[in-house]
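Below is the structure I would like to discuss, written out as structure tokens.
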Amino acid sequence: MNLAMARPDIHDRIHAQRKLRLAQGRIRTRRSISRRDGVRLELDGRWLTGFCSNDYLGLSQQFEVIAALQDAAGREGAGSTASHLVCGHHSVHEQLEREMADWLGYPRALLFDSGFMANLAVQQALLSEETDICVQDRLNHASLLDASRLAGCRLRRYPHLDSEGAMRQLKNTADGAAMLVTDGVFSMDGDIAPLRSLSLVARMQEALFYVDDAHGIGVIGEHGRGCVADAGLGVKEVPLQLATLGKALGSHGAVVVGEDALIQHLAETARPYIYTTALPAAQAAASLAAVKLARRDHWRRDKLTELIASFREGARRNGLELMASETPIQPLLCGDEATVMALSATLEQSGFLVSAIRPPTVPEGKARLRVTLSALHTLEQVKALVDAIAKARDVVLYQKSLNTVA
Ligand SMILES: *Cc1c(COP(=O)(O)O)cnc(C)c1O
């Protein structure tokens, strides 16, 4: 036996990787919420005001949504019992697909168990040749980047929001079928992709344009129809679009809306669609109720607009470093990881839960507090948060100055 050829040991490898994460201060831990009441969360026996959920419209605890879930579970049971192509496809799934397609102005919709799986499905089903190319914004969601790996296509990235960069990448790879992919609202920055210019790039370069609007649906535009509709675009310019149901809609799952032929192809060939159990009918019923509320009521979006303006105004007055976001995602850049962790811990002591986002979720040196707002917050809560952040910043800066002196 040749010892030089010994196989790497997986246990040894993960041990070394964990040691490195420890040294970098990058251990991630889960916190268990024991109770939830609106934006208030009970954590380790203390009630905190949460500013980190994606429940932008506050629909996850809305009476009509919960009642729809309970009612459907009572009739249909807890699970769907099979995949969609076997016997798990229920008429309520069908109704939800029709409602989403109608709302977003697309011919057809297909329901997935999660946005992550929907993104895997789209590229796996449509970019099937090794010469195919997927051109993506550098800050796209992890599931979109992983999807290119699963599909086995070539992945090319362009600088954040840079349509000319997208154009160059597509021009350089004119030999393969191409898809141009971007987030609508970017999940960690809260800014919005330049969809009109990207759609022109896609048309000129004959690439299929796919927009993942996980954080825009329900929130952006007068009727909450998301970034694509708000940019005056539709199925002609953006033949496929992702809407998730677990964020502003407060439920769970995701829907891909698109041209009939594309959706048909996904339903017949996408492995993350075919080989998984359908969402429970009760979950689809909850989503359907949430979509109807998001379409009908404007007050939640109006309230969000007011809260966002108040937060930004307060942050500016206190000299906090805001990012270019008009959405409910309002990150505050902190730079180094120790600072963001100290800020988050200090805020928690003052009764606020705000998540610290660190690499590799965001680029190196771009650690941030990711503040998210919900229509359930009050103006007073938002003002109290801004005051608490300003105070926490002063405390953390003071501690840092002591450490540098010492
Ligand atoms: C959250 C998110 C997803 C994944 O959706 P899930 O339903 O949570 O799996 C996909 N894309 C973007 C941009 C997201 O923010």
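In listed order, ligands and their atoms are each counted from 1.
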Can you tell me which residues line ligand 1 if we count any heavy atom under 4.0 angstrom from one of its atoms, in chain and number order?
Ser114, Gly115, Phe116, Asn119, His141, Ser143, Asp183, Ser187, Asp212, Ala214, His215, Thr244, Lys247
When Pro328 is tested against each of Thr305, Asn54, Leu304, Asp55 for side-chain contact (heavy atoms from CB on, under 4.5 Å), which residue passes?
Leu304
Check this for me, if you would: do Asp146 and Arg149 make a salt bridge, where the nitrogen-to-carboxylate-oxygen distance has to be below 4.0 angstrom?
yes
Ion pair present between Arg368 and Asp189, side-chain N to carboxylate O less than 4.0 angstrom?
yes
Indicate yes or no: does Glu99 engage Arg295 in a salt bridge with an N to O separation below 4.0 Å.
yes
Once side-chain contact (heavy atoms from CB on, under 4.5 Å) is applied, do any residues pair with Asp71, and if so which ones, sequence neighbours excluded?
Arg75
Can Arg26 and Glu364 be counted as an ion pair, charged N to O under 4.0 angstrom?
yes
